[in-house]
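Notes for the one structure printed next.
As a basis for the values below, the full set of heavy atoms in this structure was taken, side chains included, without hydrogen atoms, waters or symmetry mates. Numbering of ligands and ligand atoms starts at 1, following listing order. Computed from a prediction, not measured in an experiment: that's the story for all the values here.
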Amino acid sequence: MSKNVPELYGSLVFGDRVMREKLPKDVYKALRKTIDENLPLERSVANAVAVAMKEWAVEHGATHFTHWFQPMTGFTAEKHDSFISPVGNGEVIMDFSGKELIKGEPDASSFPSGGLRATFEARGYTAWDPTSPAFIKDGTLYIPTAFCSYSGEALDKKTPLLRSMETLSHEAVRILHLLGDEAVTGVSTTIGPEQEYFLVDKAMYEKRKDLVFTGRTLLGAPAPKGQEMEDHYFGALRPRVAAFMHDLDEELWKLGVPAKTKHNEVAPAQHELAPVFDTANIAVDHNQLTMEMMKLVADRHGLTCLLHEKPFDGINGSGKHNNWSLITNTGSNLLYPGRTPAENTKFLVFLMAVIKAVDEYADLLRVSVASAGNDHRLGANEAPPAIVSVFLGDELTAVLKSIENDEYFGKQEKVAMQMGTSVIPQFFKDTTDRNRTSPFAFTGNKFEFRMPGSSLSVSGPNVVLNTAVAQALREFYDELKDAAPDQMDSAVHELVKRAIKKHKKVIFNGNGYTDEWVAEAEKRGLYNLRSTPEALPQMVAEKNIRLFTSHNIFTEGEVRSRYTILLENYCKTLHVEAKTMGMMVRQQFLPAVLSTMNSLAGDIAACKAVAATVPCGAQQGELETLAGYYQEITAAQKKLEKDLAQAEELGNGQEAACFYRDTILPDMDAVRKGADAAEAYLPAGSLPYPDYTELLFSV
Ligand code: ADP
Ligand code: MG
């Protein structure tokens with residue numbers, strides 16, 4: 001099966017190659033200027049682009065177009081319109097105008113707005129984002145768009161991301177000019193999101209109401225084997241999984257998504273896909289597309305892709321590592337330390353800006369990854385703790401320490417790797433080992449933010465990162481702007497020194513999974529926001545509202561609406577989970593227990609009927625055990641139902657969120673504890689759904 005991948009790659013994307021080919025030269029140039037320099041687009045240009053786009057799409061079999069947007073649900077949304085336009089005599093032509101390309105008008109009233117928009121003000125707009133290329137999927141032309149309300153408030157995840165990229169670029173360029181790099185006119189954020197996921201058999205998935213309704217198993221005793229043998233990580237791909245991954249790569253390549261790395265992850269049935277990084281806006285769109293395609297392609301292979309943060313108890317859940325860096329339009333990575341980081345002024349300024357940003361807005365970073373699903377992961381010895389800290393590694397830590405103490409930093413020479421055999425080609429070691437337990441780790445020329453959950457849109461974390469770093473750069477600029485050019489180096493040195501002293505508390509190179517670190521972090525005064533209801537109120541803390549409003553990312557109203565939406569989402573998620581659990585327990589689990597008890601009772605009675613001497617103490621013991629569990633589970637389930645009724649009274653605000661966390665979650669744990677213990681006493685096949693062994697080891 002030899003495919004011409006370069007030809008396949010991007011074949012369904014209205015990208016640069018197609019644009020150059022299809023657009024008149026002046027139109028191409030104008031569009032390129034819009035994309036590269038964020039300049040507004042003339043209507044005449046939009047009209048010409050629309051014509052070319054439609055022609056190209058129709059050539060590729062498209063009959064429809066859709067404005068593709070990212071509402072606050074965290075998923076993508078689309079409404080399809082056909083290209084047909086009647087021309088009389090019962091005939092149609094395929095038509096698409098610049099107006100249709102630029103603006104759409106979906107009814108916005110059924111998307112979460114957090115109170116920004118009442119239902120009677122239903123109007124919402126989608127607006128073409130020319131910086132992210134249109135593509136064809138399922139015979140439809142997809143046009144990436146931003147989504148806002150009639151009065152202009154952002155109702156989506158793209159608008160704030162674009163705003164944050166602009167403020168960061170602005171602040172970065174200003175300080176680069178001050179540092180003598182006059183050639184730079186723009187700085188982009190680059191992101192490479194590594195995506196973890198599970199694959200299970202589709203027929204099995206469909207039998208599990210918990211997976212169908214909530215994305216995670218609410219009941220289920222562990223399989224005899226979990227991940228303790230460490231044999232799945234990077235293990236050979238089983239044929240069905242390999243076929244899925246192969247297909248997925250091809251579909252993603254056609255859509256111009258640079259899928260690069262794929263491998264088995266730590267937990268059984270868990271896998272990962274990493275793309276080559278791209279500018280933030282495109283990378284976020286691509287990650288949304290990747291998650292959609294994972295589900296679609298899995299379906300074709302009789303599989304279901306689970307993107308929940310914690311689908312199974314007792315084994316690892318899934319995250320999404322957000323690799324983040326900054327690149328100038330002249331092509332230099334601002335987080336690349338070079339051979340002599342201690343003497344690399346630009347690098348030190350940007351490194352310190354990131355450290356300062358993470359220290360001052362650690363709470364917002366935590367908020368940006370907060371969700372009911374991710375609460376099962378963070379701080380659970382499989383993912384970073386809920387405490388945000390920065391890992392720098394030995395070399396950079398030593399560099400900063402030498403600056404802080406006015407000492408000379410000797411250059412670290414690269415060391416050749418000694419493998420003890422001459423047949424292996426020689427290579428050099430990295431100057432720092434990796435640290436897997438840090439939530440925010442420097443990894444050579446980028447930072448890796450490891451807290452996001454697997455299903456999250458990475459827009460949110462990057463909005464916070466970009467804006468917080470922009471703010472740090474803005475403050476640094478103010479500190480440096482009056483220094484004479486020949487004094488700049490020493491001014492930067494002093495600035496870095498001050499910043500290290502102030503922010504070194506957020507740097508931690510040790511093991512983030514230990515209790516000692518939790519205690520130490522508390523001593524250092526770092527946030528430890530353990531749960532979503534505890535984290536979310538930080539979103540509307542005064543300093544954080546000020547950050548967002550002063551960089552024009554959100555109005556105060558927009559911030560508050562997002563807080564409302566996140567709270568609602570948390571409450572509703574737990575509400576659905578509790579109801580689903582009740583349904584499974586009452587309709588499926590307890591009846592299976594009862595039927596086993598009946599059969600045991602029948603057996604005991606039969607034995608006794610044959611002869612009083614037939615021993616049946618064992619059966620009786622089993623029956624008593626199961627009867628005990630039956631009482632326990634029923635009582636726990638009743639308590640859950642009673643408390644759930646109370647939760648419903650509370651609505652979906654902060655108080656309700658805390659009640660769900662403090663009462664409903666422990667109630668659900670109690671039901672599950674009884675059920676999972678009872679499961680061991682049930683004969684194979686007595687539950688109407690597959691157990692952990694079947695789910696995790698059948699693909
Ligand atoms: P590792 O995590 O093993 O070091 P890589 O260096 O390949 O692996 O990086 C993992 C992810 O980080 C990939 O998605 C990669 O594209 C992304 N990445 C690499 N360089 C950058 C960068 N400059 N900006 C953003 N992401 C990057
Ligand atoms: Mg990683």
Lys/Arg-Asp/Glu bridge criterion (N-O < 4.0 Å) met for R366, D375: yes

Distance-only N or O hit between ligand 1 and P193, under 3.5 Å: no

For ligand 1, which is the ligand I care about here, please tell me if E448 has any N or O atom under 3.5 Å from one of the ligand's N or O atoms. no

Is it true that E196 and R377 have a side-chain N and a carboxylate O under 4.0 angstrom from each other? no

Evaluate the ring planes of F447 and F442, with Trp represented by its six-membered ring, and classify them as parallel (under 30°), tilted (30 to 60°) or perpendicular (over 60°). perpendicular

Any side-chain heavy-atom pair of P130 and L31 under 4.5 Å: yes

If you measure from atom 15 (C) of ligand 1 to every heavy atom of A274, S188, P275, A280, which option wins on shortest distance? P275

N or O pair under 3.5 Å between N445 and ligand 1: no

What atoms of ligand 1 come within less than 4.0 Å of a heavy atom belonging to N333? 23 (N)

Select one of side chain, backbone, both or neither to describe which atoms of E194 lie under 4.0 Å from any atom of ligand 1, heavy atoms only. side chain

Going by heavy atoms, is V276 under 4.0 Å from ligand 1? yes

Just jot down the salt bridge (charged side-chain N to carboxylate O under 4.0 Å, His left out) partners of R562, sequence neighbours excluded, or say none. none

Ring centroids only, cut at 6.0 angstrom: are H232 and H263 within range, meaning strictly under it? no

Taking both backbone and side-chain atoms of T190, is any N or O found less than 3.5 Å from an N or O belonging to ligand 1? yes

